[in-house]
Amino acid sequence: MNKLILYVRQNGRSPTGDFLELLSQEDKIRVLAKFHLLEEKGHLLVRPHTDTARNGIRYLRIKKYRIFYFFDKKIIVMVNGYEKKKDALDKNEIQRAEMLRTEYLTTIVSSKI
């Protein structure tokens, strides 16, 4: 089984946590159920539940929401989410996910020094 975490930035904020706070209770339950499924299945979870954005960034597909994550060995790092307004993925949100992954990996490396 994998471990799922919400990335927390140096300022103490979690972009995914902030996103979850905006959801209705019903949608939050739906998202948390999908988080649990991702923890259970890890890399084996595929469409229609999840898909690849680019450069190792993946996303959960939950109704009208997209939540980006990546794998750090057996850790699933949730980095950001948004409510989709059109069929195509929001390029700005993908770039944000990539930036947050770089930030996470830099923080992990510097904490080991």
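The closest side-chain heavy-atom distance from Met78 to Leu38 is below 4.5 Å. Annotation: side chain of Ile76 is not in contact with side chain of Lys3 (no heavy-atom distance under 4.5 Å). Taking the side chain as every heavy atom from C-beta outward, Val31 and Ile67 approach each other to under 4.5 Å. Between Thr107 and Gln10 the shortest side-chain heavy-atom distance falls below 4.5 Å.
Counted by atom type alone, Glu103 and Tyr7 present one or more donor-acceptor pairs between their side chains at under 3.5 Å. Between Asn92 and Tyr82, the side chains place no donor N or O within less than 3.5 Å of an acceptor N or O (distance only, hydrogens not considered). Between the side chains of Thr16 and Tyr69, no donor N or O sits under 3.5 Å from an acceptor N or O.
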Next on the checklist: Pair Glu93, Lys84 - check salt bridge (charged side-chain N to carboxylate O under 4.0 Å, His left out), show working.
Outcome noted: CA-CA 10 Å; Glu93 292 293 340; Lys84 72 181 192 120; over 6 Å; no

Checklist entry - Which is it for Arg13 and Asp18 under the salt bridge (charged side-chain N to carboxylate O under 4.0 Å, His left out) test, yes or no, and what are the steps along the way? => result CA-CA 8 Å; Arg13 302 297 303 250; Asp18 292 345; 2.9 Å; yes

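Cluster annotation: Ile75 and Leu4 are assigned to distinct hydrophobic clusters (Ile/Leu/Val/Met/Phe/Trp/Tyr, side-chain heavy-atom contacts under 4.5 Å, transitive). At a threshold of 4.5 Å between side-chain heavy atoms, the hydrophobic network of Ile, Leu, Val, Met, Phe, Trp and Tyr places Phe71 and Phe68 in two separate groups. Ile5 and Leu60 are assigned to two separate hydrophobic clusters, defined by single-linkage of ILVMFWY side chains at heavy-atom distances under 4.5 Å. Hydrophobic clustering places Val79 together with Met99 (ILVMFWY residues linked when any side-chain heavy atoms are closer than 4.5 Å, directly or through intermediates). Follow the hydrophobic side-chain contacts under 4.5 Å out from Leu23 and you never reach Tyr59; the two are in separate clusters.
For CG of Asn11, the number of neighbouring non-hydrogen atoms (other residues, nucleotides, ligands) closer than 6.0 Å is greater than 12. Atom NZ of Lys28 is surrounded by more than 12 heavy atoms from other residues, nucleotides or ligands within 6.0 Å. No more than 12 heavy atoms of other residues, nucleotides or ligands shown are found within 6.0 angstrom of NE2 on His36.
Among Thr102, Leu100, Ile94, the single residue meeting the side-chain contact (heavy atoms from CB on, under 4.5 Å) criterion with Glu98 is Ile94.
Between Arg96 and Pro15, the shortest heavy-atom distance links the atoms NH2-CB, 3.4 Å. Shortest non-hydrogen contact noted between Ser14 and Leu6 is OG-CB, 3.6 Å. The shortest non-hydrogen separation linking Arg54 to Lys91 is NH2-O, 4.5 Å. Residues Met1 and Lys74 approach most closely at O-CD, 4.5 Å, considering heavy atoms.
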